[in-house]
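Worth saying up front: this structure is predicted, and the values here are computed from it rather than measured. Just so we're on the same page: letters track the sequence lines, and every chain starts at 1.
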Amino acid sequence: MERNYFELFAIPVSFDIDLSSLSKRYQDLQRSAHPDKFTNATDRERRLSMQQASMINEAYQALKDPLKRAQYLLSLNNIDVNSESNTAMDTAFLMQQMELREALDEIMDASDPLAALAVFTKDVETRISDLISKCQVCFSEMTEENISKVEGLTLQLQFLYRLREEAEDREEALL
Amino acid sequence: MALLQISEPGEATAPHQHKLAAGIDLGTTNSLVATVKSGEALTLANEDGQHLLPSVVQYQKDSIVVGSAAQLAAASDPHNTISSVKRFMGRGFADVSASSHGYEFIESDSVPRIRTAGGDVSAVEVSSEILANLKQRAEKSLGGELQGVVITVPAYFDDAQRQATKDAARLAGLKVLRLLNEPTAAAVAYGLDSGSEGVHAIYDLGGGTFDISILRLNHGVFEVLATAGDTALGGDDMDRAIANWMAAEAGVDLNDAYLSRRMMNEARRAKEALTDANAVELRVDLVDGTTWTSTISTEKFNELIDGLIKKTLLPCRRVMRDAGVTIEEVSGVVMVGGSTRVPRVREKVAEFFGKQPLVDIDPDKVVAVGAAIQADALVGNKSDDEMLLLDVNPLSLGIETMGGLVEKVIPRNTTIPVARAQEFTTFKDGQTAMAVHVLQGERELVDDCRSLARFELRDIPPMVAGAARILVTFQVDADGLLEVTAKEQTSGAEASVQVKPSYGLEDTEIERMLRDNFENAKDDVEARKLREQQVEADRVLEAINAALALDGDALLNDDERATIVSSLDGLKQARENESAAKIKYAIDVADKATADFAEKRMDASINKALSGHTLNEFE
């Protein structure tokens, strides 16, 4: 039986999800599928269990994180934001990307880089929250226009996630 | 993606029989075996009442000595007495040559071996002697054969190190139910004991390895959020720091193996004594026959080890970040491993986490105890067990791509089991083979990562460059072990794959060693093979019969059921009367006959897992 990740977790297809319920269902699913429950089963059952448990883990990862959730929802609509044919890039956003990168580079020369990094990271987090809210609005009504908007938002989120990671790497290097 | 159906096991086990299982902590310095008896997990002692088995093996010309006796012999026979062999597990010749700790390593069939009076031995063989000793101890204590064991490994152990551990168990005649990460084992022992919920940090500093794991405990579910560590950092390094200082003070070098061992022994003794004293006297016989004496203060000791402790705090920082939790969110810090008895370590860890670490459970025993608890559950003694361990892979897994770079396929700290696939293609016209190099590590360059295995995908139908679609799938199982498969998609043609472990033991080699080691000289290979197939047949019969009892009526029609029952009858008959090969064949027949049934059962099980929930819950 073919199921998408939402159906697997028995939750409605939506960007808006209750994380604690998701977590509880994840645990319930793994209680029935996890290889630890199949140590005395046949080789075939053990293999099936491993495949199933892997799939449940994959589904949970996809639904838990807002960016991955957005990407998954788009994929359910046959949209792959990272496919080569997708060149829709907001010019304003490209400018913003460059500015943010420059800002991060300049921090390394600041008098108190750690403090500056903390401020920078907080700013990136705020931008990410903001974009996630926007995604939520668009997903609540899946018009063609909104879907197109979400594609753009997802690309921006991808960039900001990478930027956040870089900032964290630099913070780790300084400590 | 199709969902597959599997029955619920656990309920399958015969109600009467308590199966014998044990948990083994195969430590760098000491090893232990524990089991669950009458609902309580306890470590097992030898005839002298000792629970700890020093991980030391002495190879004499005609005998092998394991444990305390070997440890005593270490100072007088350092070349033949192997200590801390865990350090060499899953390591290639280049690695061990770089830090051989005085042992003479030779390279034989790409596996490093130590030259001893009793022959050339690999790390796997040495470890198997320790495991065999514990197996004997457990079976004697429990009065029967072990049906399965859970063996712990450092969470940060890579694939090669894990494979080596499994090989050692196989060589010792043990059936491994699961390789369990040491911090997770400790969390199980601790968590179930105290009933603590919330986010916990497990700081595990052993003789030779360091792990830091962040887990969330919630009603029997142990979810590892992230893990980090250093597989070459532990109490041994503290001993070495002290020994080096002592040598400098005494004005000697440590080139002589005997002196080095004496210094290390004295260093260790002093380290342990300083736990309860401010200063300790030192005394070592030098090479020239004189005796060097001095004292070491706690202050000096702390100075010598502060650098090492600081090294443990870097993975601590990294793991907090990977887990996505703040210091404040950590409700408890658990100390595991003998080295966490050092007061300075406790002090620095308390400082880092902003709270006093929990030290109630014996740090030497907690890992074995946790392993025993899981072994008891996995072997099938508990039918309605609510415990669920969700662990992660500690290191990213990837493939070598053009230019000596590594492309990550599965990032670190992904909950396992996990499967990911990546598509590759050919870069030359008519290319019929492809080399796949699998690596583990966080760095970008191949040279900076650990090489796990090399593949050759052959028989690719000749095509234009870039036309072939080769799907490479990485599957990490619950033991943290990786299996890689490759398949060419466009032609639909089956492609053959060969995995060559970079420096592990080949299966044929293990078979040979098992034959050579066999206790009963009269017992031959054929008899053993027959017994193995009979045991497997019994297992399959039990599992399928239980499945039929549970779901046969609901999911099968009469014809389907009849086919399965007929295959079971055939298997039963083969098991009683036939050769190993015929039994194996009958097992395959039964397996194929139940394929659809197994799938249906998994789907039913998944449905059942969520049957208590409805969509309305979300509104």
Q. Which pair of non-hydrogen atoms, one from B/Ile606 and one from A/Leu29, has the smallest distance, and what is that distance?
A. CG2-CD2, 3.7 Å

Q. Just checking, any donor-acceptor pair under 3.5 angstrom between side chains of A/Gln61 and B/Thr414?
A. no

Q | Interatomic spacing from NE2 in B/His219 to CD in A/Gln27 - rounded to 0.5 Å | A | 10.0 Å

Q | Over 12 non-hydrogen atoms of neighbours within 6.0 angstrom of NZ in B/Lys408 | A | yes

Q: Tell me, for B/Gln475 versus chain A, whether the close heavy atoms (under 4.5 Å) come from the side chain, the backbone, both or neither.
A: side chain

Q | Separation between CZ of A/Arg3 and CG of B/Asn607, rounded to the nearest 0.5 Å | A | 4.5 Å

Q: For the pair A/Glu171 and B/Arg321, evaluate salt bridge (Lys or Arg N to Asp or Glu O under 4.0 Å) and give the outcome as yes or no after the intermediate values.
A: CA-CA 11 Å; A/Glu171 185 193 33; B/Arg321 176 185 145 184; over 6 Å; no

Q) With distance as the sole test, does A/Arg31 use its side chain to make a donor-acceptor pair with the main-chain N or O of B/Glu386 at under 3.5 Å? A) yes

Q: Could you grab the distance from atom OG1 of A/Thr39 to atom CZ of B/Arg178, nearest 0.5 Å is fine?
A: 7.5 Å

Q) Any donor-acceptor pair under 3.5 Å linking the side chain of B/Arg539 with the backbone of A/Ala41? A) yes

Q: Calculate, to the nearest 0.5 Å, the distance between atoms CD1 and CG belonging to A/Ile11 and B/Leu610 respectively.
A: 10.0 Å

Q) Is there a donor-acceptor contact under 3.5 Å from the side chain of A/Asn40 to the main chain of B/Val379? A) yes

Q) Could you state the interatomic distance from OH (A/Tyr60) to OG1 (B/Thr415), rounded to the nearest 0.5 Å? A) 8.0 Å

Q | Backbone of B/Ala609 reached by a side-chain donor or acceptor of A/Ser32 within 3.5 Å | A | no

Q) At what distance, to the nearest 0.5 angstrom, does CD of A/Glu172 lie from CZ of B/Arg317? A) 8.0 Å

Q: Below 4.5 Å from any heavy atom of chain A, which atoms of B/Leu389 appear? Answer side chain, backbone, both or neither.
A: both

(Q) Heavy-atom count check: over 12 atoms from other residues, nucleotides or ligands less than 6.0 Å from A/Glu166 CD? (A) yes

